[in-house]
Amino acid sequence: MSDANNPSSELLAELNSVASAAAATVGDTSTLDELGPVASGLLGKKSTLTVMKSKLGSLEPERRREFGQALNAARAEVEALIEARRAALKAEARAIQIEAERLDLTELRDELKRGHYHLVTQARDRLEDVFVGMGFTIAEGPEVETAWY
């Protein structure tokens with residue numbers, strides 16, 4: 001039997017094209033949310049690899065072993081690609097999060113102004129400024145005088 005008429009040769013060629021398409025699809029994902037459906041589409045129950053696995057029964061035993069090994073190797077390769085892409089996307093997302101949450105401790109901040117004078121104190125200070133401007137002087141002394149003095 002020649003390789004051109006061999007169904008396992010056609011399946012191997014199809015398997016190689018599916019594996020290369022899977023590598024391209026996994027490489028095109030840019031977020032973890034996109035990777036989930038892609039992974040289930042490539043490795044799930046209705047995926048091309050699973051359909052190809054069901055075709056193993058139609059092959060003769062020697063070809064079945066050869067194709068089964070190639071199928072398992074392709075599936076392992078696709079799983080490794082997905083896990084590598086998942087790790088890369090997680091690392092990229094973590095780096096973005098770290099950069100967004102980074103604090104610059106060398107940043108100089110304006111001095112905070114805390115509180116203010118009471119309104120009565122502000123009014124007294126303004127009146128004192130007015131009287132000093134007119135020539136009067138401010139005498140300091142005790143706040144309360146007793147009958148003794």
Side-chain angles (χ1 to χ4, degrees), residues 7-59 63-149:
S8 67
S9 298
E10 293 172 7
L11 288 175
L12 285 173
E14 185 181 349
L15 180 62
N16 288 335
S17 68
V18 167
S20 62
T25 305
V26 169
D28 289 343
T29 57
S30 59
T31 64
L32 288 170
D33 294 334
E34 291 177 7
L35 188 61
V38 167
S40 65
L42 293 173
L43 300 173
K45 291 182 179 181
K46 296 182 181 181
S47 70
T48 308
L49 291 175
T50 305
V51 171
M52 292 177 96
K53 190 174 185 179
S54 66
K55 294 180 183 179
L56 279 174
S58 65
L59 297 175
R63 302 282 184 190
R64 185 180 310 152
R65 183 177 339 128
E66 176 187 331
F67 182 68
Q69 289 174 349
L71 183 63
N72 287 337
R75 186 173 182 89
E77 180 183 338
V78 169
E79 287 174 352
L81 286 170
I82 289 172
E83 288 306 313
R85 186 66 180 156
R86 181 174 284 127
L89 290 173
K90 280 183 181 179
E92 184 179 313
R94 181 72 177 144
I96 290 170
Q97 179 185 9
I98 287 173
E99 183 61 31
E101 294 176 354
R102 185 178 65 87
L103 295 175
D104 184 10
L105 299 177
T106 61
E107 180 181 4
L108 297 176
R109 299 190 52 153
D110 295 335
E111 185 177 326
L112 296 176
K113 296 182 179 180
R114 296 180 187 243
H116 57 277
Y117 286 116
H118 190 274
L119 292 174
V120 172
T121 305
Q122 290 178 19
R124 187 193 70 211
D125 289 345
R126 286 186 194 138
L127 284 172
E128 285 178 358
D129 290 341
V130 168
F131 282 109
V132 167
M134 293 187 331
F136 290 92
T137 60
I138 305 292
E140 298 289 330
E143 292 288 326
V144 177
E145 294 288 338
T146 61
W148 177 267
Y149 296 106

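This one's a predicted model, so the numbers in the text were calculated from it and none came from an experiment. We're numbering straight along the sequence, starting at 1.
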Can you tell me how far [atom2] of [Y] sits from [atom1] of [X], rounded to the nearest 0.5 angstrom?
| X | Y | atom1 | atom2 | value |
| --- | --- | --- | --- | --- |
| Lys45 | Ser40 | NZ | OG | 12.0 Å |
| Arg124 | Ile138 | CZ | CD1 | 9.0 Å |
| Glu14 | Leu49 | CD | CG | 9.5 Å |

Is there a side-chain contact between Met52 and Phe67 (heavy atoms, below 4.5 Å)? yes
Check whether any side-chain heavy atom of Leu42 sits under 4.5 Å from a side-chain heavy atom of Val26, and report yes or no.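 Yes. Closest side-chain heavy atoms under 4.5 Å.
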Mind listing the side-chain donor-acceptor pairs of residues 116-123 below 3.5 Å, one per line with the distance, residues two or more places apart or on another chain?
{"unit_1": "His118", "atom_1": "ND1", "unit_2": "Val120", "atom_2": "N", "d": "3.1"}
{"unit_1": "Gln122", "atom_1": "NE2", "unit_2": "Tyr117", "atom_2": "O", "d": "2.8"}

Closest non-hydrogen atom pair between Leu15 and Ala74, with its separation: CD1-CB, 3.7 Å
Closest approach of Leu35 to Ile82 (non-hydrogen atoms, all atoms of both residues):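 Shortest heavy-atom contact: CD2-O, 3.8 Å.
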Just jot down the side chain to side chain contact (heavy atoms under 4.5 Å, CB included) partners of Thr50, sequence neighbours excluded, or say none.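 With neighbours one apart ignored, the set is Ser47, Arg75.
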Would you list the atom pairs, donor with acceptor, under 3.5 Å between side chains in residues 84-100 and any protein atom, with sequence neighbours excluded?
{"unit_1": "Arg85", "atom_1": "NE", "unit_2": "Thr29", "atom_2": "O", "d": "3.2"}
{"unit_1": "Arg85", "atom_1": "NH2", "unit_2": "Thr29", "atom_2": "O", "d": "2.3"}
{"unit_1": "Arg86", "atom_1": "NH1", "unit_2": "Glu83", "atom_2": "OE2", "d": "2.7"}
{"unit_1": "Arg94", "atom_1": "NH1", "unit_2": "Gln97", "atom_2": "OE1", "d": "3.3"}
{"unit_1": "Gln97", "atom_1": "NE2", "unit_2": "Glu101", "atom_2": "OE2", "d": "3.3"}
{"unit_1": "Glu99", "atom_1": "OE2", "unit_2": "Arg102", "atom_2": "NE", "d": "3.4"}

